[in-house]
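Only one structure is covered here, and it is reproduced in the block below.
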There are 2 protein chains.
Amino acid sequence: MFFGEYSYKVDEKGRIPLPPNFRAQLKDGLVLAKGMGEKCIAVYSIAEWRRLSEKLAEKALTPANLRRLNRAIFGTAFSASFQGQGRIKLPDPLRTYAGIGDTVIVVGANNRVEIWSEDGWKPEITSAEEQASQIIESGV
Amino acid sequence: MFFGEYSYKVDEKGRIPLPPNFRAQLKDGLVLAKGMGEKCIAVYSIAEWRRLSEKLAEKALTPANLRRLNRAIFGTAFSASFQGQGRIKLPDPLRTYAGIGDTVIVVGANNRVEIWSEDGWKPEITSAEEQASQIIESGV
DNA sequence: TAGCATTGTGGGGAGAAGTGGGGAATTAGG
DNA sequence: CCTAATTCCCCACTTCTCCCCACAATGCTA
């Protein structure tokens with residue numbers, strides 16, 4: 001389970017660290033993918049990613065659908081691992097997709113980790129908070 | 001299992017490299033075919049190709065159908081292998097079919113690899129992503 | 001308060017991988 | 001049988017990746 005919000009610098013080689021307790025949960029390997037629908041990078045553990053992709057594949061009704069789905073899911077995913085002191089390299093296609101410059105916001109989101117650009121994160125979190133408080137007001 | 005999205009240049013001799021990762025999985029030989037339904041080149045391992053063609057043959061209901069199918073599938077397929085530093089030569093017919101100029105996008109799509117022209121890939125992936133996020137919205 | 005451990009940040013260097021091109025061997029066509 | 005074109009093996013250069021080490025800042029401990 002992933003928690004919290006952290007800010008890191010992207011160094012000249014495109015690397016970022018992850019919070020130490022995220023590392024522990026991801027030590028068996030991780031998968032980087034496009035955040036579906038949002039302009040961010042999604043990080044999954046191997047197990048979680050497999051579970052997710054299988055579940056998605058079940059939803060494809062036709063072979064053509066399945067091909068496109070595989071393209072969207074696998075084509076945008078990169079497996080990665082920690083190098084040296086626990087940093088990962090952000091693949092260029094994903095970095096461009098998420099509009100990441102030299103600072104990232106790393107966010108724990110329950111079953112996955114999300115990596116946002118500074119500019120992408122601010123509007124996202126404010127509207128998400130708004131929505132959350134509405135849901136809470138309606139009774140939890 | 002094939003992952004990720006990579007961009008490569010086609011050199012003057014019509015060769016492209018494949019990601020080291022993919023090479024290892026295809027070292028026993030590979031088959032190039034037209035992407036069924038899409039304007040791209042599909043790359044299969046020998047084993048996967050055999051599995052696929054057997055499956056297709058089962059679906060052919062009449063001998064005439066089977067002949068046509070065989071023509072369409074085997075007639076346009078090329079077996080290839082890695083030469084020198086791990087590059088493959090793109091057969092001219094397939095190259096024209098996929099509209100490939102001097103840059104390709106190599107995409108891992110689970111059980112196969114796809115080779116796209118730059119111009120063909122962009123619209124395909126955007127609509128594929130749209131479709132995927134719709135499926136996600138409908139509840140995973 | 002002093003010292004130690006952990007963690008973020010920067011960078012050097014060896015090796016791998018992408019790119020370009022020469023030349024021998026094989027094939028096709030006249 | 002000879003010539004031309006294509007294929008494929010090899011070599012060379014450049015770029016990038018990844019492993020390593022170092023330093024600074026922070027927080028904990030004694």
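All figures in this text were calculated on a predicted structure; none of them were measured in a lab. We name chains A, B, ... by the order of the sequence lines, and we start the count at 1 in each one. What's counted below: heavy atoms across the whole structure, side chains too, no hydrogens, waters or symmetry copies.
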Salt bridge (charged side-chain N to carboxylate O under 4.0 Å, His left out) involving A:K89 - partner list, sequence neighbours excluded
A:D92
Spacing of A:E12 atom CD and A:D102 atom CG [to the nearest 0.5 Å]:
10.5 Å
Could you work out how much the helix from C:dT1-D:dA30 to C:dG30-D:dC1 bends, comparing the axis of its first five pairs with that of its last five, to 10°?
20°
Whole angstroms only, please: what is the CD1-P distance between A:I88 and D:dC18?
12 Å
Starting the side chain at C-beta, find the nucleotide from C:dT19, D:dC9, D:dC21 nearest to A:Q85.
D:dC21
Closest to the 5' end of DNA chain D, once B:F82 and A:Q83 are matched to their nearest nucleotides, is B:F82
Euclidean distance, atom NZ of residue B:K89 to atom P of D:dT6 [Å, nearest integer]:
9 Å
Min side-chain heavy-atom separation B:L52-B:R112 under 4.5 Å
no
Provide, to the nearest angstrom, the distance between the CG atom belonging to B:N21 and the P atom belonging to D:dT17.
15 Å
Let me confirm one number: the CG-CZ distance from B:N110 to A:R67, rounded to the nearest 0.5 Å.
13.5 Å
In whole angstrom, give the distance that lies between atom CZ of A:R87 and atom C1' of C:dT7.
11 Å
Measure CZ/B:F22 against C1'/C:dG18 and give the value in whole Å, please.
16 Å
Between the base of C:dG8 and the side chain of A:R15, is there a donor-acceptor distance below 3.5 Å?
no
C:dG22 base / B:K13 side chain donor-acceptor hit below 3.5 Å
yes
In terms of relative ring orientation, are B:W49 and B:Y44 parallel, tilted or perpendicular, with 30° and 60° separating the classes?
tilted
From CG of A:D11 across to C1' of D:dC18 the rounded distance in Å is 12 Å
If the test is side chain to side chain contact (heavy atoms under 4.5 Å, CB included), which one of A:V31, A:N111, A:L30, A:V43 qualifies with A:E48?
A:N111
Would you tell me if any nitrogen or oxygen in the side chain of B:R23 comes within less than 4.0 Å of OP1 or OP2 on C:dG18?
yes
Nearest whole Å is fine: how far is C:dG10 P from A:I16 CD1?
13 Å
Calculate the interatomic distance between B:K9 atom NZ and C:dG21 atom P; express it in whole Å.
11 Å
Determine whether the aromatic ring centres of A:F74 and B:F2 lie less than 6.0 Å apart.
no
